[in-house]
Amino acid sequence: MSKNDTPRPIKGTQSLYGEDADRFQHVVDTFDRVRRLYGFQRIEIPVFEQTGVFARTMGETTDVVSKEMWSFESRSEGSVTLRPEFTAGIARAFLSEGWQQHAPMKVAVHGPAFRYERPQKGRYRQFHQLDAEVIGSADPLADVELLAFGAQLLDELGIEGVTLKLNTLGDAESRDNWRAALIEHFAAHRGDLSEDSQDRLEKNPLRILDSKDPRDRPFADSAPTMQLSAEAEDFFGKVKAGLDAAGISHAIDPHLVRGLDYYRHTAFEFVTDRLGAQGTVLAGGRYDGLIEALGGSHTPAVGWAAGIERLSMLVEEDVSPTIEAAILPMGEAAQLKAIEVVTRLRAEGIAAEIFATGKMAKRMGRADQAGASAAIIIGDDELAAGEVQFKDLKSGEQQRLDIEATLEALDDLAMERELADITQQVDG
Ligand code: ATP
Ligand code: MG
């Protein structure tokens, strides 16, 4: 085989190593920790579904359905599609798995999603999402809880400079009236709009508001806003009051719409100016019509999704693994002792690694790089006495200890480090 035969990755996919993969996992771990604080259950759903699951719920005219889906003819299931998002698959499972019995159901899931888009920074063909949904609740408190969950997640990830943009898409009545007003407004400027928007004008005029094409922007910005029915006004008022009570600041954006057809009432986006055009990191809203579109009974629901890659890019904390103890055996006999010691340390929950080969100074350097706060050196003398040389790498202090005393010394070092961290946080 020549070098030219080496397979290349599928365009728009990523393979991650080390620090990048750790940052990715840190986002997932944080999500999992925070969802427990809010009482969300974990679920798992398939990576692919019958194409109709997405086509029927997301809307035929949306970008995702009209051009971004990865669909295949399968041998026994007809057309199937790799999930471009989680919500539709969750709704399908809600109906086919009898999850109605759990309603109102608070669920969390994460994993890969697929969209046929032009790859660029923060935009991939296989990307990964965190997803949270409350299904079967018409209570504005559900919206507030979800938004609080999202806000706390971003906060715990240490992501700063994020704004919560909030809007209401009204109920069916206010939305229909608004739709008619938008068609009238855009039809008056039809010739000046982008080709995409001219296509969308009658089918899905709300999407024009969301257009990134500069030709559309002036008309999108001057478009009429929705006149809310009393009921929709009341619902939105309760969401805003709940956010205030939770101390979550938000900016009302009357032109915020979501790309998909199924949204009603609350729509929101957490946006940052730090990722260029890919600034939306977490987005969602209420979708009171979606379960019905799959043949279920009327089931109000609200949810959000966040791109793991975009969140990872904003994490500044160093989350790479570090070891606490480096074990340096001198000679072959000491190597077995090193295995015994490293096994004991790891069983005690202490991250440790053996550095067996190379000159002593080199090994010390590698131990230091791995973040070790102590070196455990085992030579012939120590071996004979059943002890080790314990070196505090910060102070340089060195003493001979047995294994129990070594564990205690490591404990002390860990405590010192924790105290130093806390002091630094208080000072900083
Ligand atoms: P955008 O306007 O950036 O295309 P979207 O409205 O299509 O986003 P959603 O369908 O709301 O996005 O998906 C929720 C989140 O998933 C987005 O806010 C983003 O963080 C992430 N996301 C969506 N598409 C991609 C992609 N192709 N690559 C990476 N992340 C993505
Ligand atoms: Mg998109």
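Whatever order the structure lists them in is the order used to number ligands and atoms, beginning at 1. Numbers here simply count residues along the sequence, with the first being 1.
- In Arg123, the parts holding a heavy atom less than 4.0 Å from any atom of ligand 1 are both the side chain and the backbone.
- Side-chain contact check for Gln14 and Gln126: no donor-acceptor pair (N or O, by modelled atom type) lies under 3.5 Å.
- Donor-acceptor pairing under 3.5 Å is recorded for the side chains of Thr81 and Ser71.
- In the candidate list Trp304, Phe270, Phe127, Phe127 is nearest to atom 23 (C) of ligand 1, counting heavy atoms.
- Judged by a 6.0 Å distance limit and a 45° cone about the ring axis, Arg83 is not positioned over the six-membered ring of Phe48.
- At a 4.0 Å heavy-atom cut-off, ligand 1 touches Lys212 through the side chain alone.
- Pairs passing the salt bridge (Lys or Arg N to Asp or Glu O under 4.0 Å) check and including a residue from residues 338-352, sequence neighbours excluded, read Lys337-Glu340, Arg344-Glu348, Arg344-Glu404.
- The closest approach between Arg310 and ligand 1 falls below 4.0 Å for a heavy atom of the residue.
- At a heavy-atom distance under 4.0 Å, only side-chain atoms of Gln129, from C-beta outward, approach ligand 1.
- Contact annotation: for Val281 versus ligand 1, heavy atoms closer than 4.0 Å belong to the backbone alone.
- For ligand 1 and Arg115, the ligand atoms under 4.0 Å from any heavy atom of the residue are 5 (P), 7 (O), 9 (P), 10 (O), 12 (O), 13 (O), 23 (C), 24 (N).
- Among residues at least two apart or in separate chains, salt bridge (Lys or Arg N to Asp or Glu O under 4.0 Å) pairs with a member in residues 225-246 are Asp234-Lys238.
- Residue Gly307 places at least one N or O, backbone or side chain, under 3.5 Å from an N or O of ligand 1.
- A donor-acceptor pair shorter than 3.5 Å can be found between the side chains of Glu309 and His128.
- Counting the atoms of ligand 1 from 1 in the order shown, those under 4.0 Å from a heavy atom of Thr280 are 17 (C), 18 (O), 19 (C), 20 (O).
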